[in-house]
Asks: 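I have a structure I would like to understand better, so I am pasting it below and will then ask my questions one at a time.
Residues take their numbers from the sequence shown, with the count starting at 1.
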Amino acid sequence: MNPMAPFHSLLPLIALCFLLLRPLAATDGADDPLYIDCVEQCEKTGCVGDRCFQHCKFSSDGKPIDGPWYMHEPLYLRWKQWDCRTDCRYHCVLSREEERTKDGSRPVKYHGKWPFKRVSGIQEPVAVALSALNLAIQFHGWISFFILVYYKLPLRPDKKTYYEYTGLWHIYGILCMNSWLWSVVFHSRHVELTEKLDCSSAVALLGYTLIQSILRAFNVKDEATRVMISAPLIAFVTTHILYLNFYEFAYGLNTKVCATMAVCQFLIWAIWAGVSRHPARWKLFVVVVGECLAMVLQTFDFPPFKGYVDAHALWHATTIPLAFLWWSFIRDDAEFRTSYYLKKVK
């Protein structure tokens, strides 16, 4: 049997991932005159229909009657940054979407985002819950890997692991947990800072996993060679993050950069799994196929079901079992390489 046969079957899927992962154009409901009028009236009266908001109670000189808006709630809730305008926009969106539903019209985005229903001030409760689960899975995977290499597998006489990629996977685990942490924060409250932190963390993770795929697939163990491979990629990722944060937050450009880095590492892992005799290579194929399908899922940018579950939330759901399987492969790889070195020693 040709060892590359599974890889050939993945090529169309990977190509589809690359072609479909692009920004989708959509009508923005923020241009709707009825929505604009609703927001303007709300900021003057403090009400949308029979719903009125504390943040919009102003005196004749334009100052809030009861002091700054953030004093209206406990200090630990101040991070939400809901003010008169954001509350008005949120409730006007809900009001307009109710009217559009009655008219038989499809939901539209407002200010570039789908209309979600808040829960206790959390903008996307389902995405937050799924991001938190991903964070928990990553933490479990990293801890189980740590216990395996330091307490279950034999160590060298100097107490270091035989597995030569231990340190790299520790960095990977930390970057993964950092990325999912900011995903939780961003989906809890969309503001410029949380969006940039979420995006920057994701870019850093993708850049590092691309480096990791090259080092592992080509079995690069020499430190000097690792630095030569990593340095230009780290420079590119750092430059891209600085560009997004301090020059222009170009969503379309960032999508293309992230898609390119993701597809490149998918190709590397798929080719390596096809030519190697790794005992856990089937897990690589499953993860690559799953991640490609998850990327394609995000292109079907449908409005949130019942105001809670959209394509992005479903993507978060698919990454949970894939992350569990991926850490399983990492542990298998550690056992495989440790066994290989022990046989050489004997």
Asks: Show the atom names and distances, to 0.1 Å, of all donor-acceptor pairs under 3.5 Å that link a side chain in residues 321-329 to residues at least two apart or in another chain.
Replies:
{"unit_1": "W326", "atom_1": "NE1", "unit_2": "Y172", "atom_2": "OH", "d": "3.2"}
{"unit_1": "W327", "atom_1": "NE1", "unit_2": "Q138", "atom_2": "OE1", "d": "2.7"}
{"unit_1": "S328", "atom_1": "OG", "unit_2": "K283", "atom_2": "NZ", "d": "2.6"}

Asks: List in chain and number order the residues that pass side chain to side chain donor-acceptor pair (under 3.5 Å) with Y208, two or more places apart in sequence or in another chain; answer none if no residue qualifies.
Replies: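 None.
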Asks: Would you say L34 ends up clustered with V48 if hydrophobic residues are merged whenever their side chains have heavy atoms under 4.5 Å apart, either directly or through other cluster members?
Replies: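 Different clusters: V48 never reaches L34 through Ile, Leu, Val, Met, Phe, Trp or Tyr contacts under 4.5 Å.
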Asks: Sequence neighbours left out, what passes disulfide bond (SG atoms under 2.5 Å apart) with C176? Give chain and number order.
Replies: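 Testing C176 for disulfide bond (SG atoms under 2.5 Å apart), a comparison that skips the adjacent residues, returns none.
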Asks: Quick one: does N219's side chain have a donor or acceptor within less than 3.5 Å of a partner on L215's backbone?
Replies: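 No; zero donor-acceptor contacts below 3.5 Å.
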Asks: Can you confirm whether Y308 sits close enough to V119 that some side-chain heavy atom of one is under 4.5 Å from a side-chain heavy atom of the other?
Replies: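 Of all side-chain heavy-atom pairs linking V119 with Y308, at least one is under 4.5 Å.
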Asks: Would L284 and F218 show up in the same hydrophobic cluster when neighbours are defined by side-chain heavy atoms closer than 4.5 Å?
Replies: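 As far as the 4.5 Å side-chain criterion goes, F218 and L284 are connected within one cluster.
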Asks: Would you say the side chains of H312 and E124 form a donor-acceptor pair under 3.5 Å?
Replies: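 There is no such pair between these side chains.
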Asks: Can you tell me if NZ on K102 sees more than 12 non-hydrogen neighbours from other groups inside 6.0 Å?
Replies: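 No - once you tally the heavy atoms of other residues, nucleotides and ligands closer than 6.0 Å, there are 12 at most.
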Asks: Determine whether P279 and D332 make a side-chain contact, defined as any pair of heavy atoms from C-beta on separated by less than 4.5 Å.
Replies: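 Sidechains of D332 and P279: no contact.
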Asks: Determine whether a donor-acceptor pair (N or O, by modelled atom type, separation under 3.5 Å) exists between the side chain of R100 and the backbone of R106.
Replies: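 Between the backbone of R106 and the side chain of R100 there is a qualifying donor-acceptor contact (under 3.5 Å).
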Asks: Can you tell me if H170 has over 12 outside heavy atoms packed within less than 6.0 Å of its NE2?
Replies: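 More than 12 heavy atoms, drawn from other residues, nucleotides or ligands, come within 6.0 Å of this atom.
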Asks: Using a 3.5 Å distance criterion without hydrogens, assess whether the side chain of T161 forms a donor-acceptor pair with backbone atoms of T166.
Replies: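 No, the answer is negative, given that no donor and acceptor are paired below the 3.5 Å cut-off.
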Asks: So for atom CZ, which belongs to F249, do other residues, nucleotides or ligands contribute more than 12 heavy atoms lying within a distance under 6.0 Å?
Replies: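 More than 12 heavy atoms, drawn from other residues, nucleotides or ligands, come within 6.0 Å of this atom.
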Asks: Show your working on side chain to side chain donor-acceptor pair (under 3.5 Å) between R281 and S276 and close with a plain yes or no.
Replies: CA-CA 8 Å; R281 61 184 178 275; S276 72; 5.8 Å; no
Asks: Would you find a donor on one side and an acceptor on the other, under 3.5 Å apart, between the side chain of N178 and the backbone of S201?
Replies: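 Checked: no pair found.
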Asks: Sequence neighbours left out, what passes disulfide bond (SG atoms under 2.5 Å apart) with C47? Give chain and number order.
Replies: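 For C47 the disulfide bond (SG atoms under 2.5 Å apart) partners, ignoring immediate neighbours, are C52.
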Asks: What pairs with W272 under ring-ring contact (aromatic ring centres under 6.0 Å, His included), at least two apart in sequence or on another chain?
Replies: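 For W272 the ring-ring contact (aromatic ring centres under 6.0 Å, His included) partners, ignoring immediate neighbours, are W269, H278.
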Asks: Looking only at atom types and distance, does a side-chain atom of T101 sit under 3.5 Å from a main-chain N or O of E97, one as donor and one as acceptor?
Replies: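 Looks like yes, one N/O pair under 3.5 Å.
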Asks: I'd like to check Q123 versus Y90 (side-chain heavy atoms, cut-off strictly below 4.5 Å). Are they in contact?
Replies: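 The answer is no; the side chains never approach within 4.5 Å.
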Asks: Between C38 and C88, does the SG-SG distance stay under 2.5 Å?
Replies: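 Not so, these two cysteines form no disulfide.
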Asks: Do T238 side-chain atoms and A235 backbone N/O form a donor-acceptor pair below 3.5 Å?
Replies: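 Not at all, since once roles are kept as given, no pair shorter than 3.5 Å links the two residues.
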Asks: Using side chain to side chain contact (heavy atoms under 4.5 Å, CB included) as the criterion, list what pairs up with E98, not counting sequence neighbours.
Replies: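 Partners of E98 by the side chain to side chain contact (heavy atoms under 4.5 Å, CB included) criterion come out as none, since no residue qualifies.
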Asks: Evaluate the criterion ring pair (Phe, Tyr, Trp, His ring centres under 6.0 Å) for residue pair Y150 and F146; output intermediate values, then yes/no.
Replies: CA-CA 6 Å; Y150 287 108; F146 182 91; 4.8 Å; yes
Asks: Mark yes or no for whether S230, through its side chain, and R226, through its backbone, hold a donor-acceptor pair below 3.5 Å.
Replies: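 Yes, because the side chain of S230 sits within donor-acceptor range (under 3.5 Å) of the backbone of R226.
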Asks: Taking atom CZ of R51 and atom CG of D87, what is their separation to the nearest 0.5 Å?
Replies: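 Here the interatomic distance stands at 11.0 Å.
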Asks: Kindly indicate whether the side chain of I214, heavy atoms from C-beta on, has any atom under 4.5 Å from the side chain of L233.
Replies: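 They are in side-chain contact.
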Asks: Please check: side-chain N/O of T194 versus main-chain N/O of V191, any donor-acceptor pairing under 3.5 Å?
Replies: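 Yes, T194 side chain to V191 backbone: donor-acceptor pair under 3.5 Å.
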Asks: Is atom CZ of R156 surrounded by more than 12 heavy atoms (other residues, nucleotides or ligands) closer than 6.0 Å?
Replies: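 Check passes, neighbour count above 12.
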Asks: Go through the side-chain N and O atoms of Y165 and Q212 and say whether any donor and acceptor fall under 3.5 Å apart.
Replies: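 On atom types as modelled, these side chains do not qualify, holding no pair under 3.5 Å.
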Asks: Begin from the C-alpha positions of Y35 and H111 and carry the test ring pair (Phe, Tyr, Trp, His ring centres under 6.0 Å) through to its verdict.
Replies: CA-CA 11 Å; Y35 167 76; H111 306 284; 5.7 Å; yes
Asks: Might you work through the side chain to side chain donor-acceptor pair (under 3.5 Å) test for S200 and N245, ending with a clear yes or no?
Replies: CA-CA 8 Å; S200 299; N245 283 274; 2.8 Å; yes
Asks: Tell me whether the count of non-hydrogen atoms from other residues, nucleotides or ligands lying under 6.0 Å of CZ in F139 goes above 12.
Replies: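 Incorrect, the count does not exceed 12.
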Asks: T260 side chain to K256 main-chain N or O, any donor-acceptor pair under 3.5 Å?
Replies: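 Checked: pair present.
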Asks: Quick check against the 3.5 Å criterion: does T255 have a side-chain atom that pairs as donor or acceptor with the backbone of Y251?
Replies: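 Flag set: sc T255 to bb Y251 pair under 3.5 Å.
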Asks: Can you confirm whether the side chains of Y163 and E335 place a donor and an acceptor under 3.5 Å from each other?
Replies: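 The answer is no; no qualifying pair exists.
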